Number of protein chains: 2
Amino acid sequence: MASRTIENYLKQIYLSRPADEAQWLTMGKLSAAVGVTPGTATSMVRAISDAHLVEYEPRAGVRLTPAGEQLALHVLRRHRLIELLLVQVLGLDWSEVHEDAEELEHVVSDRLLMKIDEILQHPAFDPHGDPIPTAGGVIRRQDCCTLLDCPLGEPTSIARILDQSAEFLQYVNQCGLLPGAEIRVANRNHQAQTVELMAIKSGENQVVAMSFSVAEKFLVQLNEQKK
Amino acid sequence: MASRTIENYLKQIYLSRPADEAQWLTMGKLSAAVGVTPGTATSMVRAISDAHLVEYEPRAGVRLTPAGEQLALHVLRRHRLIELLLVQVLGLDWSEVHEDAEELEHVVSDRLLMKIDEILQHPAFDPHGDPIPTAGGVIRRQDCCTLLDCPLGEPTSIARILDQSAEFLQYVNQCGLLPGAEIRVANRNHQAQTVELMAIKSGENQVVAMSFSVAEKFLVQLNEQKK
DNA sequence: TAATTAACTTTGTCTTATCAAAGTCAATTG
DNA sequence: CAATTGACTTTGATAAGACAAAGTTAATTA
Ligand SMILES: [Mn+2]
Ligand SMILES: [Mn+2]
Ligand SMILES: [Mn+2]
Ligand SMILES: [Mn+2]
């Protein structure tokens with residue numbers, strides 16, 4: 001069994017992997033993501049590579065093998081199911097579940113995880129809108145755009161929040177922009193670098209404005225129009 | 001913060017402490033309880049003693065300091081609240097929650113524990129009838145007797161199961177002798193070394209017989225007669 | 001009282017995970 | 001093309017936690 005340290009490395013390698021699949025994750029990025037010195041990351045990655053969970057090329061970087069990716073996705077599944085359990089069943093605020101999940105993800109047994117999955121009725125997304133990998137290690141790709149790319153004036157919904165720091169999530173709470181919230185992007189001001197949008201909150205419209213850099217942290221989906 | 005290793009040692013020192021308060025727990029008992037070699041226990045106890053959580057006398061044994069006992073009781077509180085959560089909220093069988101709780105007890109934050117305690121409505125006992133220490137580290141002493149000592153013929157209830165191996169708990173399940181079950185001890189046969197009792201199960205009486213050595217594993221309480 | 005033995009402690013070694021600091025490589029700059 | 005620089009790797013050290021095996025005690029037996 002992989003130690004909790006190895007589980008954390010694999011998960012970070014998965015989460016920090018470059019968008020371009022041909023690229024490898026550099027050791028600098030990885031050591032920063034895991035929170036250790038570069039030398040530590042190098043020696044750990046060597047060990048993980050001996051276990052055939054990653055490929056490692058000195059001075060090039062690191063990449064998950066299929067076995068390593070499966071393990072990473074299982075950790076991610078545990079993390080996200082736990083986050084949802086903490087919010088939906090135990091009533092914690094979504095801005096404060098991450099730290100607990102970070103520990104619990106290494107300790108929850110398969111048996112317990114199955115019960116959690118059942119109770120939550122096999123959910124597809126965690127409280128932040130992150131997709132939950134299936135028990136088989138498959139993750140569904142969402143086709144989302146950010147508040148910067150999405151069409152103006154059309155009814156859309158918040159799908160996912162990319163900045164998951166507690167402070168930012170509390171701000172998101174205040175604006176009522178949780179995943180699932182219905183909105184309409186009113187306008188983008190390229191001079192002011194701001195986005196203005198309507199949050200449709202129980203019939204009432206609330207106007208929210210944010211900078212481009214913040215708008216990028218929201219993924220949205222066009223509302224499916226039932227015909 | 002105490003490491004999970006130290007938490008486990010403190011909890012075992014608490015649970016394995018001799019009934020006679022003047023006695024010290026021997027290193028042999030402790031190393032067996034924790035599941036390490038005697039040498040390992042000696043060196044760990046030395047370290048824990050340096051942290052003033054236990055007193056240690058070579059060749060005499062080990063005893064918790066007040067600070068160590070508080071820590072042990074907090075771990076025990078976490079363990080037992082978690083067990084109850086797993087049974088009552090997540091629907092695991094009470095015979096299979098111990099292993100999960102053994103890991104989770106080191107990882108659940110104070111914040112999360114408070115939520116668990118709330119949801120369970122501040123319970124006093126875990127699924128096996130073991131008392132749950134308060135947040136302040138106080139544990140209520142139950143005045144119970146075993147199926148060997150308790151009066152014959154009077155209506156009593158199962159209060160606590162002392163053998164918590166999965167196999168034994170499954171047997172207890174079959175007999176319907178879970179904590180809270182109403183029973184009446186019919187007879188003790190000192191020649192055959194057996195106890196016969198009635199389990200009052202939804203009106204119907206079911207007769208159960210067990211040896212003295214098994215009867216000792218059940219703690220019972222006289223039913224309070226509301227006048 | 002002397003010999004034996006069981007329980008305990010010590011010693012030496014191992015594994016995992018970490019850091020600081022020194023060394024190396026390769027990409028950029030002049 | 002040489003020099004410089006930043007990113008990475010190596011080396012050496014440390015801490016926690018564990019085991020095996022050798023060495024001590026102290027209690028029991030003779
Ligand atoms: Mn983690
Ligand atoms: Mn999440
Ligand atoms: Mn434990
Ligand atoms: Mn219990």
Side-chain angles (χ1 to χ4, degrees), chain A residues 1-14 16-18 20 22-64 68 71-72 75 102-103 105-107, chain B residues 1-14 16-18 20 22-64 68 71-72 75 102-103 105-107:
Chain A
M1 270 298 82
S3 67
R4 91 180 34 211
T5 303
I6 290 180
E7 287 189 348
N8 278 328
Y9 275 79
L10 291 176
K11 196 182 68 170
Q12 288 307 332
I13 293 169
Y14 180 85
S16 310
R17 101 211 98 113
D20 175 1
Q23 299 266 332
W24 294 47
L25 176 63
T26 64
M27 299 307 282
K29 295 257 171 65
L30 176 58
S31 66
V34 176
V36 295
T37 61
T40 302
T42 297
S43 65
M44 272 306 305
V45 163
R46 286 218 119 100
I48 300 173
S49 167
D50 291 346
H52 306 290
L53 296 170
V54 297
E55 291 173 73
Y56 167 62
E57 293 285 351
R59 316 227 168 229
V62 68
R63 192 171 60 168
L64 292 169
L71 232 165
V75 179
E102 200 58 50
E103 295 297 316
E105 68 188 356
H106 309 292
V107 152
Chain B
M1 269 297 81
S3 68
R4 89 179 34 211
T5 304
I6 290 181
E7 288 189 346
N8 278 329
Y9 276 79
L10 292 176
K11 195 182 69 169
Q12 288 308 332
I13 293 169
Y14 181 84
S16 310
R17 100 211 99 113
D20 176 1
Q23 299 266 333
W24 293 48
L25 176 64
T26 64
M27 299 306 282
K29 296 255 172 65
L30 177 58
S31 67
V34 176
V36 294
T37 60
T40 302
T42 298
S43 65
M44 272 307 303
V45 163
R46 285 219 120 99
I48 300 173
S49 167
D50 291 345
H52 306 291
L53 296 171
V54 296
E55 290 173 74
Y56 167 62
E57 293 284 352
R59 316 234 165 223
V62 68
R63 190 170 62 168
L64 291 169
L71 232 165
V75 178
E102 200 57 52
E103 295 297 316
E105 67 188 356
H106 308 292
V107 151

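Lettering of chains follows the sequences in order, A, B, ..., and the numbering in each one begins at 1. On a predicted model such as this, the values are computed, not experimentally measured, just so you know.
- Residue A/Pro38 is in base contact, counting any heavy-atom pair closer than 4.0 Å across all strands shown.
- A/Lys11 has its side chain within reach of A/Glu102: a pair of non-hydrogen atoms, C-beta onward, lies under 4.5 Å apart.
- Contact annotation: B/Thr26 side-chain N/O to C/dC8 OP1/OP2 distance is under 4.0 Å.
- If you take CE of A/Met27 and C1' of D/dG6, they are 16 Å apart, rounded to a whole angstrom.
- A distance-only check finds no donor-acceptor pair linking the side chain of A/Ser49 to the backbone of A/Val45 [under 3.5 Å].
- The residue B/Gly28 sits close only to the backbone: its heavy atoms come under 4.0 Å of sugar-phosphate atoms, none of a base.
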Sort me out a list of protein N/O and nucleotides 12-15 of chain D N/O pairs below 3.5 Å, or just none if empty.
none

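- Salt bridge annotation for A/Glu57-A/Arg63: absent, with no cationic side-chain nitrogen under 4.0 angstrom from a carboxylate oxygen.
- Rounded to whole Å, atom C1' of C/dA17 lies 8 Å from atom OH of A/Tyr9.
- One interatomic measurement links the two molecules: CE of A/Met1 to C1' of C/dT16, which rounds to 17 Å at whole-angstrom precision.
- Residue B/Thr40 places none of its side-chain N or O atoms closer than 4.0 Å to OP1 or OP2 of D/dG17.
- Atom CH2 of B/Trp24 is separated from atom P of C/dC8 by 14 Å (rounded to the nearest Å).
- Residues passing the side-chain hydrogen bond (donor to acceptor under 3.5 Å, both in side chains) test with B/Arg17, sequence neighbours excluded: none.
- One atom, CZ of B/Arg46, and another, C1' of D/dA18, lie 17 Å apart when rounded to the nearest Å.
- The heavy-atom pair separating A/Leu64 from A/Ala72 by the smallest distance is CD1-CB, 4.2 Å.
- Taking atom CG on B/Asp50 and atom P on D/dA16, their separation rounds to 11 Å, with Å as the unit.
- Nearest nucleotide to the B/Tyr56 side chain, out of C/dT9, C/dT18, D/dC19: C/dT9.
- Of the candidate nucleotides D/dA18, C/dT9, D/dT9, D/dT9 has the atom lying nearest to any side-chain atom of A/Thr42.
- In this structure, the CE atom of A/Met44 is 9 Å from the P atom of C/dT16, given to the nearest Å.
- Rounded to whole angstrom, the span from the CD atom of B/Glu57 across to the C1' atom of C/dC8 amounts to 14 Å.
- Out of D/dA18, C/dA17, C/dC8, the shortest distance to the side chain of A/Ser3 is found at C/dA17.
- When all heavy atoms of B/Ser31 and B/Ala41 are compared, the closest pair comes out as CB-CB, 3.7 Å.
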Check nucleotides 25-28 of chain D for protein N or O atoms closer than 3.5 Å to its own N or O atoms and list the pairs.
none

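- With salt bridges taken as basic N to acidic carboxylate O contacts below 4.0 Å, one links B/Arg4 and B/Glu103.
- If you check C/dA20, C/dT18, D/dG17 against the side chain of A/Thr37, the one that comes closest is C/dA20.
- Taking all atoms of both residues into account, the shortest heavy-atom contact from B/Gly68 to B/Leu10 is O-CD1, 4.3 Å.
- Considering every non-hydrogen atom in both A/Ile13 and A/Leu25, the closest pair reads CA-CD2, 3.8 Å.
- Taking each heavy atom of B/Ile48 and B/Tyr9 in turn, the nearest pair found is CD1-CB, 3.7 Å.
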